[in-house]
Amino acid sequence: MVSIKNLYLVLYNVIQTIGWSFILFKLSTHLFETQSPVGVWEKVGVLVSIFQYAAVLEIVHSVFGLVKTSAVTTFIQVFSRVACVFLAENVPTTQNHFFLSLMLMSWSITEVIRYSFYALSILKIDSYILGWLRYTTFIILYPTGVTGETGTIWTSLEFVKKTKFMTLAMPNSLNFAFDFHNILICSLGFYVVGLPYLYTYMLGQRKKFIASHKKGSTTNIKKTN
């Protein structure tokens, strides 16, 4: 019998799989029909916001031990994506750029594979194909995703600087200054540290996945003999 915790996690992952599948379909259709990134955010922006903000729950899942994933790793992944979605929602210069389309395409493919793999894993259904895709496609999709994310941040800089978006200058009643433009520039350095960390983490996970299935295959062969 499936526990309440697992039932919730399966439901969460299934909903995310459906959501990102629909985003991937609409995104692919738009890019195929128009051959242009113009209008991409208008087409899928609301859906991306809904399902990416919902992913904040994954930090909660990690912190409270509902899943075994590292809370630090989860926070890095979710926070960077939420920040990019926030920029896409509020900075017009990012919305029709190639970098946004690259980012969303990388995310969509990744999430359809990841969430469907997790849902089946919770139900103890072993899908080697999905597992292989989960621990192999990141080799390409992580770099393309990071390129899209950093490019989206880069294309927002001029707008943020000119409009002083999310910027609090001195003097003010709070006696506190906040320069969002400089924060965004500094965040690009975060990727220099974050990508190698996540990439090596996933390479380790891939190694474990392949080793476990090789071990399982060897065991089955021995049993047959």
Side-chain angles (χ1 to χ4, degrees), residues 2-17 19-20 48-87 103-104 106-150 152-153 183-184 186-216:
V2 180
S3 66
I4 294 176
K5 181 192 81 170
N6 285 346
L7 185 62
Y8 160 73
L9 290 174
V10 169
L11 183 62
Y12 171 79
N13 283 288
V14 168
I15 291 173
Q16 285 282 21
T17 300
W20 283 103
V48 170
S49 295
I50 290 171
F51 288 99
Q52 189 54 63
Y53 285 136
V56 172
L57 286 170
E58 292 170 34
I59 300 174
V60 179
H61 297 166
S62 297
V63 170
F64 287 96
L66 295 181
V67 295
K68 295 180 180 179
T69 310
S70 163
V72 174
T73 302
T74 303
F75 177 81
I76 291 172
Q77 291 176 316
V78 174
F79 180 78
S80 64
R81 290 188 176 192
V82 166
C84 286
V85 169
F86 176 78
L87 284 178
M103 178 181 80
L104 295 181
S106 300
W107 287 3
S108 300
I109 296 171
T110 298
E111 300 302 49
V112 170
I113 295 170
R114 184 169 74 95
Y115 285 119
S116 55
F117 173 70
Y118 284 166
L120 291 179
S121 296
I122 295 166
L123 294 172
K124 300 190 184 304
I125 299 173
D126 185 20
S127 173
Y128 179 77
I129 294 176
L130 270 180
W132 185 87
L133 288 172
R134 165 72 180 128
Y135 295 112
T136 303
T137 55
F138 81 90
I139 295 172
I140 295 173
L141 294 176
Y142 264 34
T144 57
V146 166
T147 300
E149 289 177 34
T150 53
T152 296
I153 294 171
I183 294 295
L184 289 175
C186 290
S187 74
L188 293 173
F190 161 82
Y191 284 91
V192 176
V193 178
L195 177 60
Y197 172 79
L198 290 174
Y199 207 74
T200 52
Y201 172 79
M202 286 300 295
L203 285 172
Q205 294 298 103
R206 184 177 191 273
K207 186 177 180 180
K208 288 179 183 178
F209 174 80
I210 292 175
S212 67
H213 279 76
K214 281 184 177 179
K215 184 178 179 181

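- Residues Y12 and A55 share a closest heavy-atom pair of OH-CA, 3.4 Å.
- Between F209 and H213, the two ring planes are tilted [angle within 30° to 60°].
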Please lay out, stage by stage, how S80 and Y191 fare under the test side-chain contact (heavy atoms from CB on, under 4.5 Å). CA-CA 9 Å; S80 64; Y191 284 91; 3.6 Å; yes
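- Rounded to the nearest 0.5 angstrom, T200 OG1 and L195 CG are separated by 9.0 Å.
- R81 pairs by the salt bridge (Lys or Arg N to Asp or Glu O under 4.0 Å) definition with E111, not counting sequence neighbours.
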Go through the steps to decide whether W20 and T110 satisfy the test side-chain contact (heavy atoms from CB on, under 4.5 Å), and finish with yes or no. CA-CA 9 Å; W20 283 103; T110 298; over 6 Å; no
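- In plain terms, the two heavy atoms of S62 and S70 that are nearest each other are OG-O, 4.2 Å.
- Using a distance-only test at 3.5 Å, with no hydrogens or angles considered, a donor-acceptor pair links the side chain of Y199 to the main chain of I139.
- Taking CG of L203 as the reference point, atom NZ of K208 lies at 12.5 Å (rounded to 0.5 Å).
- The closest side-chain heavy-atom distance from Y135 to F117 is below 4.5 Å.
- At a threshold of 4.5 Å between non-hydrogen side-chain atoms, the residues Y115 and I15 do not count as touching.
- For F190, there are no ring-ring contact (aromatic ring centres under 6.0 Å, His included) partners, not counting sequence neighbours.
- No side-chain heavy atom of K5 sits under 4.5 Å from any side-chain heavy atom of H61.
- Atom CD1 of I140 is surrounded by 12 or fewer heavy atoms from other residues, nucleotides or ligands within 6.0 Å.
- Using a 4.5 Å heavy-atom threshold, the side chains of V85 and Y53 count as touching.
- Here CG of L123 is found 10.5 Å from CG of L9. Values are rounded to the nearest 0.5 Å.
- Side chains of T69 and T74: no donor on one and acceptor on the other come within 3.5 Å.
- Remark: the backbone N or O of S116 is paired with a side-chain donor or acceptor of T17 at under 3.5 angstrom.
- Counting heavy atoms of neighbouring residues, nucleotides and ligands inside a 6.0 Å radius, atom CD1 of I4 does not exceed 12 of them.
- Of all the heavy atoms in T136 and R206, the pair that sits closest is OG1-NE, 3.3 Å.
- With hydrogens and angles ignored, the 3.5 Å screen pairs a side-chain donor or acceptor of Q16 with a backbone N or O of F51.
- The distance from the CG atom of N6 to the NZ atom of K124 is 7.0 Å, given to the nearest 0.5 Å.
- Atoms CD1 and CG, on I122 and L11 in that order, are 10.5 Å from each other to the nearest 0.5 Å.
- Side-chain contact between L184 and L87 is present, with at least one heavy-atom pair separated by less than 4.5 Å.
- Checking T144 against S106 by side-chain atom types alone, a donor-acceptor pair falls below 3.5 Å.
- Evaluation of the side chain to side chain contact (heavy atoms under 4.5 Å, CB included) rule for T137 yields I113, L133, L141 as partners, not counting sequence neighbours.
- Q77 CD to Y197 OH: the interatomic distance, rounded to the nearest 0.5 Å, is 9.5 Å.
- Taking the side chain as every heavy atom from C-beta outward, I76 and V72 approach each other to under 4.5 Å.
- Between A119 and V10, the closest heavy-atom pair is O-CG2, 4.1 Å.
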